[in-house]
Number of protein chains: 2
Amino acid sequence: MSKASERAYRTIREGILRGRFAPGDRLVEEELAEYCGVSRTPIRDAIRRLDGDMLVRWEPNRGAVVASLSDEDVGDLFEIRALIEGHAARRAAERADPATLDRLDAEVAAVFEALDSGSPYYMETFLDANARFHDAVYDMAGSERLREIRQRLVDQSVVLRTVRQFALEDLRRSNMHHADLIAALRAGDGQWAQSVMVAHILAAHRRLAGAE
Amino acid sequence: MSKASERAYRTIREGILRGRFAPGDRLVEEELAEYCGVSRTPIRDAIRRLDGDMLVRWEPNRGAVVASLSDEDVGDLFEIRALIEGHAARRAAERADPATLDRLDAEVAAVFEALDSGSPYYMETFLDANARFHDAVYDMAGSERLREIRQRLVDQSVVLRTVRQFALEDLRRSNMHHADLIAALRAGDGQWAQSVMVAHILAAHRRLAGAE
DNA sequence: CGAACCGGCCTTGTATACAATAGTCTGTCA
DNA sequence: TGACAGACTATTGTATACAAGGCCGGTTCG
């Protein structure tokens with residue numbers, strides 16, 4: 001999947017995440033083929049992968065539709081995410097290394113700086129730092145399986161589709177949670193880290209649920 | 001994927017689960033095509049799905065190999081499974097319905113019967129009942145997401161590849177756990193149910209780890 | 001008037017041919 | 001003798017043509 005297939009996957013995925021394709025939309029192979037500028041073969045590959053990511057729902061002889069999430073689905077996803085990420089945080093606390101924690105401290109400080117200074121790119125700064133932060137947690141947790149599962153859950157969730165609605169105040173609070181988590185990791189306190197993470201996720205859920 | 005693709009998927013999957021293809025084996029599309037009696041196209045579909053199930057590892061331009069699991073991987077998988085299944089059991093306790101519990105009671109009794117009577121099909125009886133049992137837990141938990149995640153974890157795990165090594169005594173113990181879980185579900189005690197389930201999973205892990 | 005059946009069309013499923021790439025083997029040159 | 005370059009081969013990636021299956025509309029019969 002060097003070129004066409006990979007590109008098709010990314011293009012369609014972006015299309016779903018950014019709302020170009022809405023939940024419930026049919027994904028007709030030939031249309032996508034034209035849209036991506038490739039033949040149907042790599043499109044089919046891409047759809048299989050998106051089905052694996054649970055971003056589309058696929059039925060034999062019927063084609064694929066963009067997965068639509070009920071409020072209940074979203075609730076389930078956040079619940080499971082809280083479970084997984086909380087577990088990862090606990091493991092990370094048992095394995096945290098000071099050098100990484102120092103780096104994360106610096107990142108958190110930088111995000112606060114960006115948020116307070118009113119940088120025009122504060123959202124991108126936050127999102128990038130956020131991604132790196134959670135990544136680092138999984139590095140420390142030391143389980144690729146956990147990382148993969150989390151990746152899928154996050155993909156599916158509405159997070160990527162809606163997190164941009166976060167107000168400045170929400171971002172500050174989120175960043176504060178990260179600071180809390182670093183403290184817990186530094187203390188090597190698994191229960192504390194887990195609790196902070198679970199609270200972090202569930203807070204995001206309520207924030208997004210309220211925004212809809 | 002009505003015919004060829006579905007058949008290829010099942011065939012290869014069975015081949016992996018039953019050891020026809022060993023971990024680390026290369027899966028060459030053309031060989032599989034001949035083996036399954038179809039062309040390469042449905043084989044590719046099947047491989048994508050198996051990659052999604054994490055039963056094979058796939059690299060661009062390099063093809064697929066049967067996923068091999070280190071002891072650490074297996075440990076991680078059981079840990080995550082315990083997390084997920086424990087969570088499902090807790091949810092199930094909050095939503096359990098008596099009719100289903102009565103049915104499960106009967107199934108557990110039937111399994112004990114089969115194990116004690118030395119039926120020649122006791123292993124199949126156990127495996128079938130086991131599958132139905134866990135399925136019912138997820139019915140009661142009421143989250144399709146949980147069920148899907150669990151499905152993937154179980155697929156990956158060594159369980160399906162090795163559970164047949166279980167001795168009669170192990171099966172009895174496992175069935176006893178099920179009886180315990182039913183009691184917890186009937187009591188509507190989420191914490192109890194979760195603990196029983198986690199213990200059930202981790203016991204299976206230790207049993208299998210010891211057997212290798 | 002309604003329901004069931006039939007046929008055409010749209011879409012997906014499969015096969016095959018060809019292109020591209022990685023990995024290997026060999027030959028030559030330093 | 002060793003290492004690098006080149007072509008060769010095995011395998012995957014892509015396109016396209018054709019087959020098959022489901023859906024929708026029309027028509028016909030009860």
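Proteins get letters first, then strands, A, B, ... in listed order; numbering begins at 1 in each.
Straight-line distance from the CG atom of B/Asp51 to the P atom of D/dG13: 11 Å, rounded to whole Å. B/Lys3 places its NZ atom 18 Å from the P atom of C/dT12, with the value rounded to the nearest Å. Computed from coordinates, the B/Trp58 CH2 to C/dA22 P distance equals 12 Å when rounded to whole Å. One atom, OH of B/Tyr9, and another, P of C/dG13, lie 16 Å apart when rounded to the nearest Å. Taking atom CD1 on A/Ile43 and atom C1' on C/dG13, their separation rounds to 16 Å, with Å as the unit. Atom-to-atom, CZ of B/Arg49 to P of C/dG13 comes out at 11 Å; the value is rounded to the nearest Å. We find that CZ of A/Arg40 is positioned 13 Å from C1' of D/dT14, with the value rounded to whole Å. Across the protein-nucleic acid pair, A/Glu34 atom CD and C/dT11 atom P stand 13 Å apart, rounded to whole Å.
The phosphate of C/dG13 has OP1 or OP2 within less than 4.0 Å of a side-chain N or O from A/Arg44. A sub-4.0 Å separation between OP1 or OP2 of D/dG13 and a side-chain N or O of B/Arg48 is present.
When ring centroids are compared, A/His134 and A/His200 come within the 6.0 Å threshold.
Here the nucleotide nearest the side chain of A/Asn61, chosen from D/dT12, D/dG22, C/dT14, is D/dG22. Side-chain proximity of B/Ser39 to the nucleotides D/dG13, D/dT14, C/dT16 is greatest for C/dT16. Between D/dT14, C/dA15, D/dA17, one nucleotide has an atom nearer to the side chain of A/Pro42 than all others, and that is D/dT14.
Nearest heavy atom pair, residue B/Arg62 against residue B/Arg26, reads O-NH2, 3.9 Å.
Shown here are the side-chain hydrogen bond (donor to acceptor under 3.5 Å, both in side chains) partners of A/Thr100, two or more places apart in sequence or in another chain: A/Asp97. In terms of the side chain to side chain contact (heavy atoms under 4.5 Å, CB included) criterion, residue partners of B/Ala64 (sequence neighbours excluded) are, by chain and number, B/Leu27, B/Ile47, B/Val56, B/Trp58.
The number of heavy-atom neighbours closer than 6.0 Å to CZ of A/Arg186, taken from other residues, nucleotides and ligands shown, is above 12.
Within the nucleic acid shown, B/Arg62 comes within 4.0 Å of sugar-phosphate atoms alone, with no base atom in reach, counting heavy atoms only.
Contacts between residues 24-33 of chain B and DNA chain C, counted as heavy-atom distances below 4.0 Å, involve no residue at all.
Looking at B/Arg10 and B/Arg7, their side chains never come closer than 4.5 Å, going by heavy atoms from C-beta outward.
Where A/Thr41 and A/Gly63 each meet DNA chain C at their nearest nucleotide, the meeting point lying more 5' is that of A/Gly63.
Expressed to the nearest 0.5 Å, how far CG of A/Leu146 lies from CD of A/Glu85 amounts to 9.5 Å.
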